[in-house]
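Below is one structure, written out as structure tokens; the observations come after it.
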Amino acid sequence: MLKTTITNFVSRLLSAPTKGPERWSRDMHGIDRRRVSRHAVKVCEVLNQHGFDAYIVGGAVRDLIVGLEPKDFDVATNATPNQIRPLFRRARIIGRRFQLVHVVFGQEIIETSTFRAPSSGNQETDEHGRILRDNEFGTHEEDAARRDFTINALYYDPIKEEVIDFHRGVADLKNRVIRMIGDPETRYREDPVRMLRALRFAAKLGARIDPASQEPIVRLAGLIEHVPASRLFDETLKLLCCGHAMDCLRDLHRVGLNKSLIPLLDTIFEEQGGEEFVDIALARTDARVRAGKPISPSFLFAALLWRLVRKRWEALIEEGEQRNNALMLAADSVIADQTHRLAIQRRYQSDMREIWLMQARFERASVRTIWRIIEQPRFRAAVDFLQLRAEAREVDSVLAQWWMDLANSGTETRGEMIDVWQAGHSAARTRPARRRRRKKHPSASAGSSSGDQETEP
Ligand code: ATP
Ligand code: MG
């Protein structure tokens with residue numbers, strides 16, 4: 001207990017600014033105000049008009065300074081939730097333990113939170129030091145000290161166009177250094193997810209992790225096990241969608257953080273061609289992220305886990321299971337094995353299943369099933385997935401292209417394409433799945449469990 005108190009005292013000393021914060025003017029921080037959400041500016045203006053301090057904070061400021069497009073805009077203020085809410089037409093208080101306000105402008109939500117105090121050493125923690133409750137309001141300076149990295153503790157005043165910097169975050173950002181505020185080990189223990197965040201920001205910004213912030217990670221990697229699965233899912237998703245996913249996965253592997261995160265991933269990497277498949281999938285994801293296109297989490301996880309699904313699928317067919325059924329069983333068992341650590345949300349799980357199950361149908365479609373497949377809500381995603389498999393040389397690229405063309409065509413062209421298919425011109429396209437079925441199941445071409453007659457053209 002005494003040790004914890006001393007550590008906390010030291011960490012507060014370390015995180016305490018020696019003098020007032022640095023204040024950076026426009027020509028120093030270089031933020032182009034036109035790239036700042038006008039809604040976030042509006043929230044700050046309204047709060048200012050009512051006598052409160054309000055700043056844009058966190059990831060948005062960091063990204064604006066380095067010239068990246070912020071994902072979203074958060075505001076921090078000294079107004080309490082009950083003072084904030086009545087100032088806006090559409091605003092609601094959310095959260096139970098630590099309340100904050102969502103100010104809604106059409107599609108955009110500006111998350112507005114009251115300055116918060118950092119750990120005082122009196123919070124409820126688990127036996128490893130992980131903070132279970134953390135809900136005290138604090139001063140501006142305290143709010144900066146409880147943030148994770150110096151580069152994430154920058155406050156932008158959009159009216160004065162000034163950045164307030166308590167922890168030399170602008171310098172770290174310019175030098176591309178990820179540095180924990182306070183004592184790194186204590187801060188990782190308080191919240192082990194910060195280890196993942198360190199790797200993500202390093203990959204995203206092309207930065208290095210300061211040695212003192214890097215050193216404890218290998219030692220403390222196991223603490224990730226104690227983080228609730230849903231929280232882990234959110235941070236893992238962010239990691240996979242940061243635009244440098246493969247770099248992140250390799251780093252995770254290097255420091256031993258991957259095991260408790262995506263437990264099946266190690267197995268996938270061990271599979272022949274497994275790493276290559278993930279590499280191809282993530283390279284596409286990264287390209288989309290960098291082009292500012294949206295990413296579908298279900299597609300991403302479907303791709304990460306596919307090689308395992310396929311392996312179990314093949315094994316089940318070998319055991320005599322009917323083809324589509326076997327795929328369904330394989331999908332269910334992979335999802336079940338994975339989700340006890342990483343809580344993939346149910347809606348994503350069902351999309352993943354659909355994407356996977358359609359793969360069996362693409363390879364063995366009849367005219368009737370083709371029209372039915374087109375109607376499926378995840379058809380487009382499943383066709384993209386087929387492209388991925390073609391790129392990994394798992395299915396014939398002609399087959400994948402045929403489906404892509406079909407997806408991109410209007411009804412009339414689709415009719416013509418399907419007629420040609422029926423006329424038997426596409427025989428070569430269905431070959432990849434044939435060998436195994438012939439061996440064990442001479443009659444397995446007789447459709448899915450729903451009774452579809454899947455004739456091979
Ligand atoms: P992203 O671009 O992924 O949204 P971000 O830095 O904005 O990155 P968020 O999770 O949106 O990350 O968090 C917003 C801010 O809240 C962070 O910049 C940081 O200041 C603070 N923060 C978030 N998570 C933690 C944490 N685990 N510990 C301490 N501070 C945190
Ligand atoms: Mg953010």
Side-chain angles (χ1 to χ4, degrees), residues 11 15 36-37 40 55-77 95 97-98 100 102 108-119 123 125 129-135 138 140-156 163-167 169-170 172-173 178-205 207 213 217 220 223-224 226-228 230-245 248 289-290 292 295 297:
S11 84
S15 59
V36 180
S37 151
Y55 306 93
I56 295 168
V57 66
V61 185
R62 177 197 68 221
D63 291 348
L64 284 167
I65 292 179
V66 296
L68 294 171
E69 193 71 44
K71 280 207 314 266
D72 41 37
F73 287 82
D74 299 332
V75 167
T77 172
R97 286 214 312 254
F98 186 86
L100 45 89
H102 275 177
E108 191 177 13
I109 293 176
I110 304 297
E111 199 169 284
T112 307
S113 35
T114 309
F115 292 147
R116 226 157 129 177
S119 28
Q123 286 101 334
T125 61
R130 187 168 70 83
I131 292 181
L132 302 174
R133 273 171 197 280
D134 181 14
N135 55 0
H140 187 179
E141 193 175 318
E142 285 176 319
D143 187 80
R146 67 105 194 158
R147 292 180 183 271
D148 47 6
F149 303 102
T150 59
I151 56 166
N152 285 346
L154 299 172
Y155 298 77
Y156 176 64
V163 169
I164 301 181
D165 178 5
F166 288 92
H167 296 280
V170 170
D172 281 345
L173 194 50
I178 311 297
R179 189 191 315 273
M180 183 66 89
I181 296 171
D183 171 56
E185 172 155 354
T186 312
R187 307 287 326 271
Y188 290 134
R189 284 187 181 277
E190 284 172 359
D191 183 4
V193 152
R194 290 173 183 151
M195 297 188 273
L196 300 180
R197 294 173 58 86
L199 299 190
R200 170 159 67 93
F201 296 130
K204 174 172 168 169
L205 300 170
S213 304
I217 295 181
L220 302 178
L223 295 181
I224 281 285
H226 310 288
V227 176
S230 60
R231 177 100 201 286
L232 216 48
F233 177 79
D234 292 343
E235 280 297 336
T236 306
L237 192 57
K238 282 189 170 190
L239 197 127
L240 293 170
C241 297
C242 76
H244 303 267
C248 283
V289 172
R290 293 188 210 176
I295 294 298

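Basis for what follows: all heavy atoms, side chains included, without hydrogens, waters or symmetry-related copies. Predicted, not measured: the structure shown is a model, and the values here were computed from it. One-based numbering, in listed order, for ligands and for the atoms of each.
- Residue K204 places a heavy atom less than 4.0 Å from ligand 1.
- Applying the ring-ring contact (aromatic ring centres under 6.0 Å, His included) rule to Y188 yields no partners; only residues at least two apart in sequence or on another chain are considered.
- Judged by the shortest distance from any of its heavy atoms, M180 lies outside the 4.0 Å radius around the atoms of ligand 1.
- Residues that satisfy the side-chain hydrogen bond (donor to acceptor under 3.5 Å, both in side chains) test with E111, not counting sequence neighbours, are H102.
- When only non-hydrogen protein atoms are considered, atom 17 (C) of ligand 1 lies nearest to R197 NH2, 3.5 Å.
- Annotation for ligand 1: atoms under 4.0 Å from non-hydrogen atoms of G59 are 5 (P), 6 (O), 7 (O), 18 (O).
- Within the 4.0 Å heavy-atom shell around ligand 1 one finds F201.
- Heavy-atom separations between D191 and ligand 1 include at least one value shorter than 4.0 Å.
- Listed by number with element, the atoms of ligand 1 under 4.0 angstrom from any heavy atom of R194 are 26 (C), 27 (N), 28 (N), 29 (C).
- The atoms of ligand 1 that sit less than 4.0 Å from any heavy atom of G58 are 18 (O).
- Distances below 4.0 Å separate heavy atoms of R146 from the following atoms of ligand 1: 29 (C), 30 (N).
- In this structure, R187 contributes its side chain and R147 its backbone to a donor-acceptor pair below 3.5 Å.
- Against a heavy-atom cut-off of under 4.0 Å, N152 is close to the following atoms of ligand 1: 6 (O), 18 (O), 19 (C), 20 (O).
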